[in-house]
**Q** 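Below is one structure. I have some questions about it.
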Amino acid sequence: MSSKDTLDTTWEAPCPTLPVDGTVIVPASKSLTNRYLLLAALADGPSRISNALDSRDSDLMIGALRALGTGIESSQGPDGTMELRITPMDLDSDMGHVEIDCGLAGTVMRFVPPLAALARGSFAFDGDPHARLRPMAPVFTALSDLSVGITEHGEAGLLPATVHGGGSLAGGKITVDASGSSQFISALLLVAARTENGMEIIAADGRIASPDHIEMTVATLRELGVEITRPTARSWKVEPGTISAFERTMEPDLSNAGPFLAAAMATAGTVRIPHWPTSTTQVGDQWREILTRMGAIITHHDDGTLEVTGPQEISGIDYPEASELAPTLAAICALATGPSRLTGISHLRGHETDRLAALAKEFNNLGGNVTELDDGLEITPAPLHGGVFETYADHRMATAAAVIGLAVPGVQVLDIATTAKTMPHFPALWTTLAASGKAAS
């Protein structure tokens, strides 16, 4: 890429001179929206999702489900957010050959193949160039073990691949390697009730990545009447049965709230996020604990608004299992006055990019002192300077760069548009928040 090309595709991150002081309406949860969409496709009647996420990842899920014969109608709700009405797919219909675009959405490339295995037809999965680097082997292996035909067209365990659906799955006991992603287990849990005999899913030996996301899947299924038990701490048994049709309103995406809360930390300002749930399965609720430990003052008001005021000096933190919060947390740590250590996140190497390597490289390119560990990052305070920050088609790399840019002039983010994956209006929301500071009277 030439220097001209770089300048033409970079976004100058705002660097305010005043502490931010704003309220941000965060879009709906991607994780919940895409889970409920898939379950609506298997439900026993029409369903409705209010405040659904309108983003590239949710659009890709809607497109995949429509390709499988699910009826999805979109309209604007009374509050201006997206409302979806979903008619379940017909599993008895022979769909012939269907091509499904996964983009770079992990929930589409991992969750939809088991759904396709329940249908009749030949279902070809592919996506963006980076999608062909994301691990898929545990899904393919599990489906093969369940007697589903899988044709892999490239490197083993990666997209592109074709699922040959026979119209039903017997189910049974299956062992799944979840060390690379919790989505491998969630993918099977989501369809297990619609198999003939149900399914018992056992996590293979080793660590389970992002177990909170599996708990989100289990809680969502139980809400809709699916019977799930835990024979052991590493297994889930799903009884065969129906999935109840539903009407649900999606929570705000608490992981995507992270960068905005980080803005309060980076500028010693105040940020308010309305509609923060009192109880939730989202991993993003950990922000309350994390930011308090790093010096923030946090208030959860009676009206549901979460208010965060950042400290004058950010404390470092030793934190395990930050999961998808890690890129934003790493950016806050890079601005702290003490060292930090983030561990238990080796699975981030298999996300949109190898996030551990990418974060270390890009922070260090700005003068940081970040050491890449096998399963995490060590971050030592260092004076940072401006420069171009590569995002690797990864939305969380882009938002991490924006956080750094609040405190460091001259940070140029390459491909800020990648935030459209889960938050299409991020640049506008961010620019507005950065300009929200008020001079002391």
Side-chain angles (χ1 to χ4, degrees), residues 31 34-35 102 104-114 125 127 130-146 148 150 152 155-159 161 172-192 199-218 228 230-238 255 281-283 286 319-327 329-330 341-360 372-378 392 394 396:
S31 296
N34 279 2
R35 280 167 171 77
C102 301
L104 196 50
T107 50
V108 177
M109 66 181 69
R110 275 80 177 261
F111 291 179
V112 179
F125 291 83
H130 279 268
R132 295 186 173 192
L133 303 176
R134 300 193 70 177
M136 287 291 296
V139 172
F140 296 158
T141 299
L143 291 177
S144 295
D145 289 347
L146 292 169
V148 177
I150 305 288
E152 299 179 59
E155 187 176 341
L158 301 174
L159 294 179
K173 185 178 290 189
I174 193 79
T175 299
V176 179
D177 179 0
S179 61
S181 175
S182 64
Q183 291 176 345
F184 300 137
I185 285 178
S186 286
L188 296 167
L189 285 171
L190 288 166
V191 304
M199 197 178 296
E200 183 173 350
I201 304 164
I202 303 166
D205 291 343
R207 68 184 304 274
I208 300 174
S210 303
D212 288 346
H213 283 92
I214 300 175
E215 292 308 308
M216 171 188 283
T217 302
V218 169
I228 304 178
R230 298 292 304 274
T232 71
R234 298 180 64 85
S235 64
W236 299 260
K237 187 174 183 180
V238 183
S255 296
T281 57
Q282 291 191 62
V283 68
Q286 292 179 27
Y319 200 82
E321 305 290 347
S323 189
E324 65 194 37
L325 311 184
L329 178 54
R341 184 179 176 90
L342 310 180
T343 55
I345 49 175
S346 60
H347 60 283
L348 296 189
R349 297 186 185 281
H351 278 237
E352 284 82 346
T353 188
D354 180 338
R355 285 178 174 167
L356 301 186
L359 287 166
E372 187 180 342
L373 309 174
D374 287 343
D375 72 335
L377 299 169
E378 283 187 344
Y392 308 90
D394 188 332
R396 300 210 189 277

**Q** Looking only at non-hydrogen atoms, find the nearest pair between Gly344 and Glu321 and report the distance.
**A**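 Looking at all heavy atoms of both residues, the closest pair is O-OE1, 3.3 Å.
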**Q** Pair Cys102, Leu159 - check side-chain contact (heavy atoms from CB on, under 4.5 Å), show working.
**A** CA-CA 10 Å; Cys102 301; Leu159 294 179; 4.3 Å; yes
**Q** Can you name the ring pair (Phe, Tyr, Trp, His ring centres under 6.0 Å) partners of His347, sequence neighbours left out?
**A**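 Residues passing ring pair (Phe, Tyr, Trp, His ring centres under 6.0 Å) with His347: His351.
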**Q** Applying side chain to side chain contact (heavy atoms under 4.5 Å, CB included), can you list everything that pairs with Thr281, at least two apart in sequence or on another chain?
**A**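 For Thr281 the side chain to side chain contact (heavy atoms under 4.5 Å, CB included) partners, ignoring immediate neighbours, are Leu32, Met216, Ala219.
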**Q** With sequence neighbours excluded, tell me which residues meet side chain to side chain contact (heavy atoms under 4.5 Å, CB included) with Thr343.
**A** Pro320, Arg341, Leu373, Asp375
**Q** Not counting sequence neighbours, which residues clear salt bridge (Lys or Arg N to Asp or Glu O under 4.0 Å) with Glu200? List them please.
**A** none
**Q** Who passes salt bridge (Lys or Arg N to Asp or Glu O under 4.0 Å) against Arg132, sequence neighbours left out?
**A**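 Listed in chain order: Asp126.
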**Q** Quick check for you: to the nearest 0.5 Å, what is the distance between Leu342 atom CG and Glu378 atom CD?
**A** 9.5 Å
**Q** Can you list everything that forms a side chain to side chain contact (heavy atoms under 4.5 Å, CB included) with Ala105? Sequence neighbours excluded, please.
**A**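 Partners of Ala105 under the side chain to side chain contact (heavy atoms under 4.5 Å, CB included) test: Asp57, Leu60, Thr107, Val108.
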**Q** Would you name the heavy atoms of Ala209 and Gly180 that are closest together and state the gap between them?
**A**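 That closest heavy-atom pairing would be CB-C, 4.2 Å.
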**Q** Quick check against the 3.5 Å criterion: does Arg396 have a side-chain atom that pairs as donor or acceptor with the backbone of Ala326?
**A** no
**Q** I need the single residue from Arg134, Arg349, Arg355 that forms a salt bridge (Lys or Arg N to Asp or Glu O under 4.0 Å) with Asp394. Which is it?
**A** Arg355
**Q** Of the non-hydrogen atoms in Leu104 and Ala131, which two are nearest, and what is the gap between them?
**A**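 Closest heavy-atom pair between Leu104 and Ala131: CD1-N, 3.4 Å.
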**Q** If you measure from CG on Asp354 to CG on Leu133, what distance do you get to the nearest 0.5 Å?
**A**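 Nearest 0.5 Å value for the CG-CG distance: 10.5 Å.
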**Q** Would a distance-only check, ignoring hydrogens and angles, find a side-chain to backbone donor-acceptor pair under 3.5 Å from Gln286 to Ala322?
**A** no
**Q** Could you grab the distance from atom CD1 of Ile174 to atom CE of Met199, nearest 0.5 Å is fine?
**A**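 Rounded to the nearest 0.5 Å, the CD1-CE separation comes out at 7.5 Å.
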**Q** So, using salt bridge (Lys or Arg N to Asp or Glu O under 4.0 Å) as the criterion, who are the partners of Asp177 when residues are at least two apart?
**A**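 Partners of Asp177 under the salt bridge (Lys or Arg N to Asp or Glu O under 4.0 Å) test: none.
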**Q** Using a 4.5 Å cut-off on heavy atoms from C-beta on, say whether the side chain of Asp212 contacts that of Ser323.
**A** no
**Q** To check you understand the geometry: which heavy-atom pair defines the closest contact between Ser346 and Leu356, and what is its length?
**A**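 Closest pair (atom of Ser346, atom of Leu356, distance): CA-CD1, 4.2 Å.
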**Q** Indicate the atoms forming the closest heavy-atom contact of Pro327 with Leu359, along with that distance.
**A**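 Residues Pro327 and Leu359, closest heavy atoms: CA-CD1, 3.8 Å.
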**Q** Considering all heavy atoms of both residues, which atom of Pro114 and which atom of Leu143 are nearest to each other, and what is their separation?
**A** CA-CD2, 3.9 Å
**Q** For the residue pair Ile214 and Trp236, establish whether any side-chain heavy-atom pair is separated by less than 4.5 Å.
**A** yes
**Q** Please list, chain by chain and in numerical order, all residues satisfying side chain to side chain contact (heavy atoms under 4.5 Å, CB included) with Glu155, sequence neighbours excluded.
**A**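 Leu158.
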**Q** Under the rule for side-chain hydrogen bond (donor to acceptor under 3.5 Å, both in side chains), what residues qualify as partners of Ser235, not counting sequence neighbours?
**A** Thr232
**Q** Partners of Glu215 by salt bridge (Lys or Arg N to Asp or Glu O under 4.0 Å), sequence neighbours excluded?
**A**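 Salt bridge (Lys or Arg N to Asp or Glu O under 4.0 Å) list for Glu215, sorted by chain: Arg230.
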**Q** Quick one: do Met136 and Phe125 satisfy side-chain contact (heavy atoms from CB on, under 4.5 Å)? Show the steps, please.
**A** CA-CA 11 Å; Met136 287 291 296; Phe125 291 83; over 6 Å; no
**Q** Indicate every side-chain donor-acceptor pair of residues 181-189 with a distance under 3.5 Å to a residue at least two apart or in another chain.
**A**
residue, atom, partner, partner atom, Å
Ser181, OG, Gln183, N, 3.0
Gln183, OE1, Arg110, NH1, 2.6
Ser186, OG, Thr217, OG1, 2.7

